[in-house]
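The block underneath contains the structure these notes are about, expressed in structure tokens.
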Amino acid sequence: MTEVRAGLTAAQVREQVAAGHTNDVPRRSSRSVGEIVRANVLTRFNALIGTLFVLVMIFGAWQDGLFGGIIVANSLIGIVQEVRAKRTLDRLAVVGETPVRVRRGGEVSQVPQQDVVLGDLIVLGNGDRIPVDGTVADAAGLEVDESLLTGEADPVHKQPGDTVQSGSFVVAGTGAFTATKVGREAYAAQLVEEASKFSLAHSELMSGINRFLKYVTWLIVPTAVLLFVSQFTSAGSVPEAVVGAVAGVVTMIPEGLVLMTSIAFAVGVVRLGRRQCLVQELPAIEGLARVDVLCVDKTGTLTEPGMDFDRFVPLDPALPGRAALAALAARDPDPNPTMTAVRDGFDEPDPGWALTEAVPFSSARKWSGGAFDGGHGCWVVGAADVLLAPGDPARTQAEELGASGLRVLTLARVPDGSFTDPDKLDVAARAEPAALVVLRQRVRADAAATLRYFAEQDVAVKVISGDNPVSVGAIARELDLPGADRPLDARTLPADPDAMGDVLEDHSVFGRVTPQQKRAMVKALQARGHTVAMTGDGVNDVLALKDADLGVAMGSGSGATRAVAQVVLLDNRFATLPHVVGEGRRVLGNIERVANLFLTKTVYSILLAVLVGLLGVRFPFLPRHITLISTLTIGVPAFFLALAPNLERARAGFVPRVLRFAVPAGLACGIATFAGYYLALEDGSTGFAEDSSTATLALFGLALFVLLIIARPWTWWRLGLVAAMGTAFAVVLAVPGLRRFFALQPDNLYNDGVALAIAAGAAALLLLALRRDRWTGRARDGKTMTG
């Protein structure tokens with residue numbers, strides 16, 4: 001046993017490493033560069049555009065193959081941005097990874113998780129996540145929560161010889177275990193490897209985009225056939241028929257939509273990374289935007305993780321309270337922040353009492369204790385409202401101190417033998433109060449401003465703490481949290497989810513909340529349609545973090561909280577959260593904005609293809625015309641709009657909202673463009689070059705107007721962007737070389753004027769059609785549109 005407890009020697013560690021028995025598991029949120037390249041190059045739309053490019057190169061002019069550059073641009077931009085995001089994620093993952101304490105050669109040291117080897121003796125303390133499977137070698141009140149593996153919320157007491165599995169975490173006590181399965185053989189490794197890959201899937205946003213792409217794919221084949229037949233009939237030439245069909249099909253493809261989505265997500269990761277925020281699952285970016293309720297734990301969020309000892313208030317001079325408190329602080333093998341503050345600030349010397357039995361602190365009991373020999377007895381330290389009976393003058397005194405924002409604990413003596421079954425000990429009935437232990441909490445300097453931000457953004461903040469509700473309410477009032485004047489004791493909460501939801505809607509501060517209640521509160525809020533984010537740093541937050549729509553862990557928190565959270569604030573700054581939420585809103589709001597651009601183009605291209613096919617006329621554009629219009633009204637503007645600031649909270653219904661705009665906008669563009677083109681065709685004095693130029697002018701003018709609508713709310717740079725695109729088109733018309741390159745001959749002023757007049761009328765009708773929708777600048781709830 002002595003050899004086992006000493007751990008492996010350096011030579012034994014080298015042997016295990018040489019044999020490959022290390023904890024080598026894939027890092028979270030990372031995929032290889034090869035996978036990134038394949039994902040951005042081998043796409044269905046690259047294949048489709050590539051095929052169309054080859055056809056144009058065979059049957060048409062090389063200028064009409066400009067759209068082939070989309071393949072290179074999309075692939076390169078996507079690869080660069082995603083590799084950049086990967087490097088940011090991998091770097092932050094290393095910074096945020098919890099080291100493992102191992103005993104080797106009799107000395108305890110910290111090593112990275114991947115350096116753990118088979119046979120290592122791993123030391124455990126409160127809040128530690130168990131990284132590999134093993135067998136308990138030593139235990140002192142060791143309790144392990146296995147709910148993430150089994151679904152059972154009750155902690156499991158562990159004794160030497162019991163097994164522990166990766167994915168569980170310590171909620172009380174200390175101990176050590178010998179690693180028996182490491183790396184991919186560990187129980188949770190396969191789940192982690194599969195569930196935590198760098199991914200853009202499994203979100204309403206991506207599901208909506210995939211639905212659009214699926215519909216477009218279904219329409220491309222029959223439309224291409226219809227176009228080819230109609231173009232061959234009207235032109236009588238295979239090359240012209242191919243070029244006309246390609247021009248129609250290329251317009252239908254929203255080739256940049258997936259690219260812009262990938263860029264927006266990846267840039268979001270990089271921006272948050274600069275703020276020391278690790279996004280462990282990329283789709284969490286979307287969750288950030290949808291949050292409307294934020295549940296925060298007081299400790300570590302509104303207050304700093306540590307505390308300062310304030311005073312010792314004797315209650316019974318006959319009891320040796322000062323010596324007992326000093327002994328408990330000195331003998332605690334794994335002190336929590338409370339005992340650390342006592343150890344650092346209490347001026348009583350260690351009396352040297354010998355500890356015979358210890359009960360570690362747990363969130364369920366809300367107290368810890370120790371038994372000493374030599375007749376010194378059993379002592380407990382814990383919450384005053386747990387250790388003191390109602391009506392006790394000492395409890396009243398504790399509540400008065402707590403009302404000022406101080407944290408108040410009670411030190412009490414309990415009968416000998418009380419720790420035989422600590423979970424069944426009725427401490428309030430059997431304890432002899434000896435003293436009150438008063439601690440000062442360190443309120444974060446930036447907490448008040450952060451709470452104001454969330455109030456302005458219509459995000460409700462719920463403070464959910466295990467501390468005394470009066471004390472928690474005092475801290476919340478100091479920070480001007482709405483509703484902080486009515487703190488609620490969670491022990492009075494109803495068990496029924498509906499009734500609990502009613503209470504949660506009416507209150508914002510809750511104290512004496514158990515880990516199971518935190519989880520129930522999150523579920524009750526979700527049942528009412530809220531998107532819930534949960535922040536925390538302790539093991540009592542793990543269950544709620546896991547069940548919340550978005551789990552946010554503090555970097556200094558326990559390994560268990562960081563393991564289950566989607567977002568980790570590595571610098572422990574609560575003030576980072578507004579940037580986190582804001583980044584999510586920026587990404588989703590801007591993706592929806594550019595989706596309107598791309599889907600408008602898809603709608604008008606489908607309509608033009610159908611009208612051309614039914615009426616048997618030549619397609620009004622060459623591929624180069626479509627390339628010019630798409631670049632200036634969609635491609636370049638979308639890149640800037642996708643990365644612009646945006647604070648509008650995301651809402652459900654992405655697909656219907658986009659369709660409500662894209663369908664009328666696309667119909668207006670398609671009908672007006674075809675009408676102007678058809679009238680030009682009726683003029684026998686013009687050829688295809690003039691007629692296609694007329695159609696190009698009409699479509700560009702309408703598409704630019706659509707861009708102007710989508711760019712709202714107007715700022716100087718948004719208006720400047722629209723103006724720059726219009727100027728670029730004017731330059732193409734003004735420069736003879738560019739005009740020849742793009743095959744534009746706007747020589748018939750009458751036809752061009754009629755087409756532009758039709759386009760202007762269509763623009764006015766479109767604006768009227770959209771007046772009832774928020775894209776006119778007025779949201780349905782009466783608020784000005786911000787995204």
Side-chain angles (χ1 to χ4, degrees), residues 1-8 98-104 106-111 116 118-150 152-182 186-188 328 330-336 339 354-373 378-381 417-425 515 538-540 542 558-560 563:
M1 182 64 69
T2 303
E3 182 181 352
V4 174
R5 293 186 183 280
L8 300 178
T98 307
V100 179
R101 290 183 296 162
V102 298
R103 187 179 297 142
R104 293 175 177 174
E107 298 292 331
V108 176
S109 60
Q110 292 187 340
V111 300
V116 172
L118 190 67
D120 254 331
L121 188 65
I122 299 172
V123 180
L124 296 175
N126 190 20
D128 286 345
R129 183 170 69 96
I130 295 174
V132 297
D133 298 351
T135 304
V136 176
D138 188 19
L142 184 64
E143 298 179 23
V144 174
D145 189 313
E146 298 178 344
S147 60
L148 302 183
L149 305 177
T150 66
E152 296 294 333
D154 293 333
V156 180
H157 293 267
K158 295 293 183 179
Q159 301 294 335
D162 292 344
T163 60
V164 290
Q165 291 180 307
S166 54
S168 54
F169 55 94
V170 179
V171 294
T174 59
F177 74 96
T178 303
T180 57
K181 289 184 180 180
V182 297
Y187 182 80
L328 286 171
R331 301 292 175 273
D332 195 329
D334 187 32
N336 58 20
M339 277 303 174
L355 183 69
T356 59
E357 190 174 3
V359 178
F361 177 84
S362 77
S363 299
R365 287 189 295 267
K366 301 197 181 299
W367 57 265
S368 62
F372 302 95
D373 65 2
C378 300
W379 295 82
V380 294
V381 176
S418 294
F419 298 155
T420 304
D421 191 348
D423 290 331
K424 294 183 179 180
L425 174 62
V539 293
N540 58 321
V542 171
S558 70

Please identify each residue that fulfils salt bridge (charged side-chain N to carboxylate O under 4.0 Å, His left out) with Asp332, with sequence neighbours left out.
-> none

Any side-chain heavy atom of [X] sitting closer than 4.5 Å to one from [Y]?
X: Ile130; Y: Phe169; answer: no
X: Thr135; Y: Phe177; answer: no
X: Trp367; Y: Val359; answer: yes
X: Lys158; Y: Val164; answer: yes
X: Phe372; Y: Arg331; answer: yes
X: Val136; Y: Thr163; answer: no
X: Leu328; Y: Val381; answer: yes
X: Val102; Y: Ser109; answer: yes

Heavy-atom pair with the smallest gap, counting every atom of [X] and [Y]:
X: Val170; Y: Gly173; value: CG1-O, 3.9 Å
X: Arg101; Y: Gly125; value: NH2-N, 3.2 Å
X: Gly134; Y: Thr180; value: CA-OG1, 3.3 Å
X: Ser368; Y: Pro360; value: CB-C, 3.9 Å
X: Thr178; Y: Ala137; value: OG1-CB, 4.2 Å
X: Ala179; Y: Val132; value: CB-CG2, 3.7 Å

Distance-only, no hydrogens or angles: does the Thr356 side chain make a donor-acceptor pair with backbone N or O of Ala371 under 3.5 Å?
-> yes

Who passes ring-ring contact (aromatic ring centres under 6.0 Å, His included) against Phe419, sequence neighbours left out?
-> none

Consider only side-chain N and O atoms of Asp133 and Ser166, and report whether a donor and an acceptor are under 3.5 Å apart.
-> yes

Hey, is Arg103 close enough to Asp120 for a salt bridge, meaning N to O under 4.0 Å?
-> no

Worked check of side chain to side chain contact (heavy atoms under 4.5 Å, CB included) between His157 and Asp162 = CA-CA 9 Å; His157 293 267; Asp162 292 344; over 6 Å; no

Output for pair (Arg104 CZ, Ile122 CD1), nearest 0.5 Å, gives 9.0 Å

Can you check side chain to side chain contact (heavy atoms under 4.5 Å, CB included) on Thr174 and Leu124, steps first, answer last?
-> CA-CA 5 Å; Thr174 59; Leu124 296 175; over 6 Å; no

What do the steps show when you test Gln165 against Val144 for side chain to side chain contact (heavy atoms under 4.5 Å, CB included), and what is the final call?
-> CA-CA 10 Å; Gln165 291 180 307; Val144 174; over 6 Å; no

